[in-house]
Engineer: 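Input: one structure, supplied below.
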Amino acid sequence: MKTHSLLRGLGFYVPERVVTNAELERLVDTSDEWITTRTGIKERRIAAPGQATSDLSLEASKKALAGAGMTPDDLTHLFICTLTPDAYCPPSACILEEKLGIRGRAAMDLNAACSGFVYGLDMARAVVCQNPEARVLVCACDVLTSRTNWADRRTCVLFGDGAGAVIVTSDREPKRPGDALIRDVRLSSDGSLGHLLTVKGGGSGTPMGLGDAVGDDFFIQMSGQEVFKHAVRNMVAICEDVLAANGLTGPDIDYFIPHQANWRIMEAVAKKLGLPVDKVCATVERYGNTSASSVGIGLAESFETGKIKVGDKVLLSAFGGGFTWAAALLEF
Ligand code: UT7
C-alpha cells in the first residue's frame, strides 16, 4: 500500500525591520516607481545584525509545531532548505535542533536555491514513504541580504529575509481540518544555465585566502532578463505537468502560490495556466523575494489569513538558481 504524506502545521517568520523603496532611493540610483512597476515590490524585511538562518527558522518552526499540535520532541528529522546557512559547518539544521532543545534527530541542510521549499517537501515525502512513523520538519529560510551587494541597484532592491516551515507526516494519523494531503510533486533542474544566477565567492570553486578582500562575486549576481524568461517558461511547464498527471487543468486550482520574485513573472505564469490573478498569492509587495522561503511563507500566511480553505486544491511552484524549478499539488 502506498504511504501518502500530509502537511500538518504551517508557520512563517519575517524579521521586524522594514526597508521601504524610499529608503533604497537614498542608497542607490533607483526609484519607488521603477521598483514597483518592474517587480511589484514596495518593501522587504531585513534580518537584524547577528540574526541568522537558524534564528529565523526557529521562529517559523515553533509556529509550525504549534499548528501541528506537536512539540520539538515529536520530530524525527529536521531539514533546512537554504543557500545562506549560518555557516558552512555546522549545518543550520543542527543549530536549529540545539535551539529547539532536542538531540539525536536526522538533521541536514538542503540547497536548491529559491526552489528549496518545494524540493524539501519532496525529500520529506520520500522519508515518510520509507518510514511512516517519521515526523519531518521542513524549514525553508534565507537571509539573502547577508549576500546582497548594497551598491548594485540591479539586485539590492529585490531581496528580503524570511522563513517558512511545515511538518510532514504520513497519513496514518487521520487528516484534521487545516492539514493538507501532498498529492504530487515534480522537481527539475538545468545546470547548464547556472551561470545566470550565482553567489560564488567563498565557495570551494572560488576559494578565499586569509586576509583576502571580498569581491563582487561574494554577493548575488543575476542576469535578470534571462532568469525572467526561463522562470516563466519552466514554471508553466512543470505546473502543466503536475496538473496533467493528476487529471487537472489550471481552472481546477483554488489557489496558486508561485515563487515571489517578481509580480510580472507570477502574473504571466498564472495567465498561461488559465488562473485569474485573484487566485494568486502575492506577498512580494511586502516581503520582496525571500528566496527558498517564499513559497513556504506564502503558504503559511495564506492559510493563516483564510485565503486557503478546507477542501481547496493548492498549486505551489518555484524557480531559482541552478537553475532549479518545482511544482507541488496539495489538497486541504
Ligand atoms: O529568485 C530567483 C529568480 N529570480 C527572478 O526570477 C528574477 C527575474 N528577473 C526579474 O525579475 C527582472 O529581470 C528584474 C526585476 C531583475 C529586472 O527587470 P527588467 O525589466 O528585466 O530590467 P532590466 O534588467 O532589463 O533593466 C532595464 C533598465 C536598465 O537600464 P538601461 O540599460 O535600459 O538604461 C537597468 O540598468 O533598468 C535599469 N535598472 C534600474 N533602474 C532603476 C536596473 N535596476 C534598476 C533599479 N532602479 N533598481
Side-chain angles (χ1 to χ4, degrees), residues 19-44 81-84 111-119 140-145 147-162 164 188-191 193-199 216 219-239 257-270 272 280-285 287-298 316-327:
V19 175
T20 61
N21 291 346
E23 203 171 323
L24 294 175
E25 282 177 356
R26 297 194 286 275
L27 207 62
V28 286
D29 179 16
T30 190
S31 65
D32 174 47
E33 199 268 334
W34 190 96
I35 302 170
T36 307
T37 53
R38 300 286 180 132
T39 71
I41 300 167
K42 291 299 257 181
E43 57 187 44
R44 68 287 291 143
C81 313
T82 185
L83 68 103
T84 51
N111 181 356
C114 295
S115 305
F117 181 78
V118 187
Y119 263 69
C141 178
D142 269 314
V143 181
L144 210 49
T145 60
R147 289 296 192 116
T148 296
N149 178 350
W150 294 104
D152 177 10
R153 71 174 182 172
R154 291 166 303 164
T155 52
C156 77
V157 302
L158 304 174
F159 301 103
D161 304 326
S188 192
S189 66
D190 182 353
L193 300 168
H195 59 283
L196 296 171
L197 177 44
T198 59
V199 188
D216 286 0
F219 302 101
I220 193 155
Q221 296 183 315
M222 177 166 69
S223 304
Q225 282 193 4
E226 286 297 310
V227 177
F228 191 113
K229 278 186 280 183
H230 288 284
V232 174
R233 193 178 306 146
N234 290 316
M235 282 166 74
V236 169
I238 203 159
C239 285
I257 306 178
H259 175 46
Q260 307 280 312
N262 186 324
W263 172 248
R264 290 189 293 136
I265 295 177
M266 294 150 60
E267 198 178 22
V269 173
K272 283 179 193 283
V280 182
C281 168
T283 66
V284 68
E285 181 181 4
Y287 303 145
N289 179 349
T290 56
S291 188
S293 69
S294 88
V295 175
I297 291 174
L316 313 179
S317 187
F319 183 87
F323 290 150
T324 55
W325 60 98

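Counting starts at 1 for both ligands and their atoms, following the listed order. On a predicted model such as this, the values are computed, not experimentally measured, just so you know. Just so it is clear, the values below take in all heavy atoms, side chains as well, and ignore hydrogens, waters and symmetry mates. When a residue number appears, it is its place in the shown sequence, counting from 1.
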Engineer: Only counting residues at least two apart or in another chain, list the ones meeting salt bridge (Lys or Arg N to Asp or Glu O under 4.0 Å) with Asp32.
Structural biologist: Lys42
Engineer: Are there over 12 heavy-atom neighbours, none belonging to Arg154, within less than 6.0 Å of that residue's CZ?
Structural biologist: no
Engineer: Using a threshold of 4.0 angstrom between heavy atoms of the protein and any atom of ligand 1, which residues qualify?
Structural biologist: Asp29, Thr30, Trp34, Arg38, Thr39, Cys114, Arg153, Arg154, Val157, Leu158, Leu197, Met222, Gly224, Gln225, Val227, Phe228, His259, Ala261, Asn262, Arg264, Ile265, Asn289, Phe319
Engineer: Walk me through it: do Arg38 and Val157 pass the test side chain to side chain contact (heavy atoms under 4.5 Å, CB included)?
Structural biologist: CA-CA 11 Å; Arg38 300 286 180 132; Val157 302; over 6 Å; no
Engineer: For side chain to side chain contact (heavy atoms under 4.5 Å, CB included), just list the numbers for Glu25 and Ser31, CA-CA rounded to whole Å, side-chain angles, deciding distance to a tenth of an Å, and then say yes or no.
Structural biologist: CA-CA 6 Å; Glu25 282 177 356; Ser31 65; 4.0 Å; yes
Engineer: Measuring from atom CD1 of Ile265 to atom CE of Met235, what distance do you get when rounded to the nearest 0.5 angstrom?
Structural biologist: 7.5 Å
Engineer: Is the closest side-chain donor-acceptor distance between Asp142 and Ser293 under 3.5 Å?
Structural biologist: no
